[in-house]
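Let me begin by presenting the structure, written as structure tokens, before commenting on it.
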Amino acid sequence: WFIFCVDTYDPPPRPLYSETSTYTLPAGASAGDIITINLIADSGGFTWCDDIEDTMRIHIIENPTAEMAVPSTICYGEDIVVNGTPNTTVSFNFNGSPASTFDIGNSGSITFSNQPAGIYELTSVQYTDPPNSNGIGCVNSLIGETVTINATPTVTAPSNVTICEG
């Protein structure tokens with residue numbers, strides 16, 4: 001009587017093993033580091049079955065950033081410039097309400113011209129490309145990145161008047 005652990009046969013059940021685990025990054029891990037973890041599932045004492053092994057890499061990347069590169073108040077007609085981490089998507093509010101998103105491309109900067117008067121506030125930034133897109137990982141909330149575009153001033157002159165000399 002033999003049990004084989006090859007191709008079409010499942011290995012014997014393994015009692016009370018956890019399918020999930022938690023890994024704590026080592027102290028001092030920083031952006032740019034790549035940590036390799038070897039995952040091993042013990043055969044459970046069944047000497048005729050090999051252990052199952054796999055490797056996982058953790059790439060540590062910087063939290064994305066975005067900031068207004070203009071004074072906090074500008075005049076209508078002036079450009080809004082946003083600098084930030086390249087290849088990210090930024091969410092923003094307009095006059096206190098969620099408005100939309102825009103992408104910061106490879107250059108790390110984007111300019112908006114001829115925007116309507118109001119208050120623009122950057123609210124969050126995240127990577128555009130996988131593996132950190134669509135809200136999966138590395139979403140950074142932004143606070144205080146606001147610019148107000150003042151409306152164009154208007155002047156109304158009174159009617160023509162006639163005055164006497166002196």
Side-chain angles (χ1 to χ4, degrees), residues 14 16-42 50-161:
R14 297 179 183 166
L16 303 175
Y17 286 99
S18 172
E19 293 180 10
T20 61
S21 61
T22 301
Y23 177 77
T24 302
L25 292 174
S30 61
D33 290 349
I34 300 173
I35 298 169
T36 302
I37 301 173
N38 293 317
L39 307 167
I40 301 171
D42 186 346
D50 292 334
D51 293 342
I52 301 169
E53 297 183 32
D54 203 353
T55 300
M56 174 181 160
R57 287 195 173 95
I58 300 172
H59 297 259
I60 301 176
I61 58 177
E62 294 179 6
N63 277 326
T65 62
E67 63 184 6
M68 297 287 192
V70 294
S72 60
T73 302
I74 60 176
C75 295
Y76 177 78
E78 293 184 89
D79 292 342
I80 296 176
V81 178
V82 178
N83 293 330
T85 305
N87 303 312
T88 54
T89 300
V90 178
S91 298
F92 71 97
N93 290 345
F94 178 66
N95 289 333
S97 296
S100 190
T101 62
F102 60 88
D103 292 336
I104 297 176
N106 289 331
S107 70
S109 184
I110 187 166
T111 301
F112 299 96
S113 301
N114 300 315
Q115 297 300 304
I119 300 170
Y120 295 82
E121 177 186 20
L122 306 182
T123 57
S124 68
V125 59
Q126 69 184 44
Y127 285 98
T128 304
D129 298 323
N132 293 296
S133 59
N134 301 321
I136 302 171
C138 298
V139 177
N140 194 11
S141 296
L142 302 171
I143 298 172
E145 292 299 328
T146 303
V147 66
T148 300
I149 298 180
N150 287 330
T152 304
T154 57
V155 175
T156 304
S159 308
N160 293 338
V161 293

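Heavy-atom basis, side chains included; hydrogens, waters and symmetry copies ignored. Please read all numbers here as calculations on a predicted model, not as lab measurements.
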> Which distance, rounded to the nearest 0.5 Å, do you find between the CD of Glu78 and the CD1 of Ile149?
Replying inline: 8.5 Å

> Of all residues at least two apart in sequence or in a different chain, which pass the side chain to side chain contact (heavy atoms under 4.5 Å, CB included) check with Thr24?
Replying inline: none

> CD/Gln126 to CG/Asn63 distance, rounded to the nearest 0.5 angstrom?
Replying inline: 12.0 Å

> Between the side chain of Asn150 and the main-chain N/O of Cys75, is any donor-acceptor distance below 3.5 Å?
Replying inline: no

> Are Met68 and Val82 side-chain neighbours, meaning at least one heavy-atom pair lies under 4.5 Å?
Replying inline: yes

> So, for Gly108 and Pro86, which heavy atoms are closest and what is the spacing to 0.1 Å?
Replying inline: CA-CG, 4.1 Å

> Can you list the steps and then say if Tyr120 with Thr148 is a side-chain contact (heavy atoms from CB on, under 4.5 Å)?
Replying inline: CA-CA 6 Å; Tyr120 295 82; Thr148 300; over 6 Å; no

> Is Ile60 close to Ile35 at the side-chain level, that is, under 4.5 Å between some pair of heavy atoms?
Replying inline: yes

> Is the shortest heavy-atom distance from the side chain of Ile80 to the side chain of Ile74 under 4.5 Å?
Replying inline: yes

> For the residue pair Val147 and Thr73, what are the closest heavy atoms and their distance?
Replying inline: CG2-N, 4.4 Å

Show which side-chain atoms of residues 109-117 pair as donor or acceptor with protein atoms under 3.5 Å away, not counting sequence neighbours.
unit_1, atom_1, unit_2, atom_2, d
Ser109, OG, Asn83, OD1, 2.8
Ser113, OG, Asp79, OD1, 2.9
Gln115, NE2, Ser113, O, 3.1

> Is there a side-chain contact between Ile37 and Thr55, using heavy atoms and a 4.5 Å cut-off?
Replying inline: no

Let me have the donor-acceptor pairs involving side chains of residues 92-106, under 3.5 Å, with sequence neighbours excluded, atom names and distances please.
unit_1, atom_1, unit_2, atom_2, d
Asn95, OD1, Ile119, N, 2.8
Asp103, OD1, Thr89, OG1, 2.8
Asn106, OD1, Asn87, ND2, 3.1

>> Show the nearest heavy-atom pair for residues Thr88 and Pro64, with the distance to one decimal.
In response: CG2-CB, 3.8 Å

> Is the backbone of Ser141 close enough, under 3.5 Å, to the side chain of Ser124 for a donor and an acceptor to pair up by distance?
Replying inline: no

